[in-house]
Amino acid sequence: MKLASTRDPRATATFSQAVQAGTAPDGGLYAPVDLTPFPDVEALLDLGWRDRSVELVRRFLGDEYDAEDLAAATAGALDFPVPLVPVAPGLHALELFHGPTLAFKDVGARFLARMLQLEARREDRPRLVLTATSGDTGAAVASAFHGLEGFRVVVLYPAGRVSPLQERQFATLGGNVRALAVAGSFDDCQALAKAAFADGDLARRVGLTSANSINIARVLAQTLYYFEAVAALRRAGVAAPPVVAVPSGNFGNLYAGMLARKLGLPLRALVAATNANRTVPDHLDSGAYRPRPSLATLSNAMDVGAPSNWERVRALVGDDLDALRAGLRWGSLDDAGTVASLRALHAAGYLADPHAAVAAAVLRDHLRPGEPGIFLGTAHPAKFLEVLEAHLGIRVPLPEALARLADQPLRSEPLPVSAAALTEVLGA
Ligand SMILES: *Cc1c(COP(=O)(O)O)cnc(C)c1O
């Protein structure tokens with residue numbers, strides 16, 4: 001797969017180069033160059049989730065990797081279902097949260113881990129994935145690499161400042177995963193990670209590897225479930241192309257949907273749904289692009305004021321705002337609206353998490369008569385049980401994957417805010 005930087009079409013890379021580098025040397029993001037629509041989309045839609053995903057990945061990356069390796073990486077990453085669940089007449093949820101950390105980030109993180117493993121095998125050198133987390137990304141990354149041969153994982157997190165459930169998701173794994181409870185803030189954790197990556201000698205010696213959220217491998221994996229959304233709708237007897245609403249923060253998920261559409265997937269429209277962090281809806285309304293500090297909301301994984309993937313979205317339409325507006329619908333919802341949406345969905349018999357609730361409400365505002373609607377469920381409702389219990393007055397049972405963690409011993413180690421101390425831990 002040929003990729004190029006969003007900032008300079010001449011700065012090209014293979015997938016293998018891009019997956020290891022993360023960002024382009026000019027600071028841009030890598031994006032696929034050739035997006036010719038598949039001539040046989042209908043036949044692809046007839047395949048099942050696993051077979052179709054393996055086939056799509058072979059088409060994306062078969063020029064660089066062995067087909068069997070790709071099939072194993074894809075099947076290993078996507079070893080959980082992504083069911084399309086009916087919510088109300090004409091409305092479905094595509095639930096992307098049945099992976100090990102109960103959030104859609106499992107899809108991208110698990111595929112990225114397996115592609116990095118193929119790279120590590122080619123070079124036959126060990127790698128150390130270092131990640132700083134304020135909660136959820138650490139869980140998805142740690143879980144994705146847990147038990148993968150050739151990798152060590154170190155998670156830096158602010159001691160006492162992540163929820164007990166979040167801490168258990170990455171600090172009970174053990175094996176090749178070490179959790180370091182930093183005596184400081186999330187910013188301190190990020191600064192420590194940054195200093196380690198900047199230390200060339202250390203980075204080479206331990207094989208420091210980033211599993212950063214803008215990695216192209218994540219985006220490619222996320223295109224796969226858009227195909228499944230349309231296929232599952234057909235299996236449910238609905239032939240019309242759906243409108244798909246995406247709860248958005250950094251806009252990697254929406255970008256993946258746009259790629260799927262470019263590749264020929266029949267989508268009526270994509271809906272960019274945000275919470276009160278209105279950078280993108282304001283931009284689409286007014287034309288002016290004004291990144292800003294983020295606001296804290298109930299759908300906190302979408303609390304982003306300067307979305308990192310927006311650069312890719314713009315590059316995909318040649319920076320043509322009118323072309324972008326033509327294919328998109330958009331809207332935002334504040335916390336009061338989010339609670340109202342959670343309640344309306346619950347009354348209809350569907351328990352959503354706050355992120356999905358934002359997408360569902362924005363979708364309803366933008367759905368025209370006769371159009372089938374799908375909103376993406378990006379997190380399991382139990383991950384936000386405090387919000388649901390406070391606003392719906394219900395008890396949310398913990399799913400097995402979370403309940404099990406309560407009995408596991410915490411294995412985190414304390415770390416002072418000191419680059420030297422981290423170097424010692426990493427080098428050991
Ligand atoms: C990360 C995340 C989002 C936002 O996804 P982007 O690709 O950053 O737009 C939405 N919901 C949940 C639960 C998330 O964890």
Side-chain angles (χ1 to χ4, degrees), residues 29 82 93-112 131 133-141 143-144 162-163 165-166 169-170 211-226 244-260 270-281 283 291 294 297-313 316 328 330-333 338 341-342 351-363 375-385 387-388:
L29 305 184
V82 291
L94 185 73
E95 295 186 346
L96 304 173
F97 51 73
H98 296 285
T101 75
L102 305 180
F104 88 110
K105 292 202 170 66
D106 284 331
V107 174
R110 289 173 69 77
F111 184 66
L112 169 60
T131 182
T133 186
S134 57
D136 276 347
T137 36
V141 169
S143 159
V162 306
S163 84
L165 208 58
Q166 286 175 328
Q169 284 198 304
F170 54 76
N212 182 320
S213 66
I214 47 75
N215 197 294
I216 188 66
R218 294 190 179 223
V219 173
L220 284 192
Q222 289 177 214
T223 63
L224 304 174
Y225 53 68
Y226 284 91
V244 179
V246 187
S248 295
N250 274 316
F251 285 85
N253 203 357
L254 184 86
Y255 174 67
M258 292 175 71
L259 285 184
L270 285 159
V271 180
T274 70
N275 58 27
N277 291 279
R278 292 190 38 96
T279 303
V280 163
H283 170 50
S294 64
T297 75
L298 292 176
S299 48
N300 56 27
M302 289 154 57
D303 292 349
V304 180
S308 56
N309 274 295
W310 195 248
E311 190 166 332
R312 279 186 169 130
V313 171
L316 190 63
L328 279 185
W330 60 90
S332 73
L333 195 69
T338 304
S341 176
L342 284 170
L351 192 60
D353 93 288
H355 305 76
V358 168
V362 174
L363 175 62
F375 62 88
L376 302 185
T378 46
H380 194 291
K383 290 195 92 171
F384 294 87
L385 79 181
V387 176
L388 301 186

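The first residue of the sequence shown is numbered 1, and numbering continues consecutively from there. In each ligand, atom 1 is the first atom listed, and ligand 1 is the first ligand listed.
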K.L.:
Listed by chain and number, what are the salt bridge (Lys or Arg N to Asp or Glu O under 4.0 Å) partners of Glu95, not counting sequence neighbours?
P.N.:
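Residues passing salt bridge (Lys or Arg N to Asp or Glu O under 4.0 Å) with Glu95: none at all.
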
K.L.:
Provide the closest heavy-atom pair for Pro247 versus Ala245 in the form atom of the first, atom of the second, distance.
P.N.:
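It is CD-O, 3.8 Å.
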
K.L.:
For residues Tyr226 and Asn253, is any side-chain donor paired with an opposing acceptor at under 3.5 Å?
P.N.:
yes

K.L.:
Can you name the closest pair of heavy atoms from Ser341 and Leu333 and give their distance?
P.N.:
CB-CD2, 4.4 Å

K.L.:
If you compare all heavy atoms of Thr274 against all heavy atoms of Phe251, which two are closest, and at what distance to 0.1 Å?
P.N.:
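Looking at all heavy atoms of both residues, the closest pair is CG2-CZ, 3.7 Å.
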
K.L.:
So which protein residues pack against ligand 1 under 4.0 Å, heavy atoms counted?
P.N.:
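Residues near ligand 1: Phe104, Lys105, Pro247, Ser248, Gly249, Asn250, Phe251, Gly252, Asn253, Ala301, Met302, His355, Thr378, Ala379.
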
K.L.:
Going by distance alone, is a donor N or O of one side chain under 3.5 Å from an acceptor N or O of the other, for Asn309 and Arg312?
P.N.:
yes

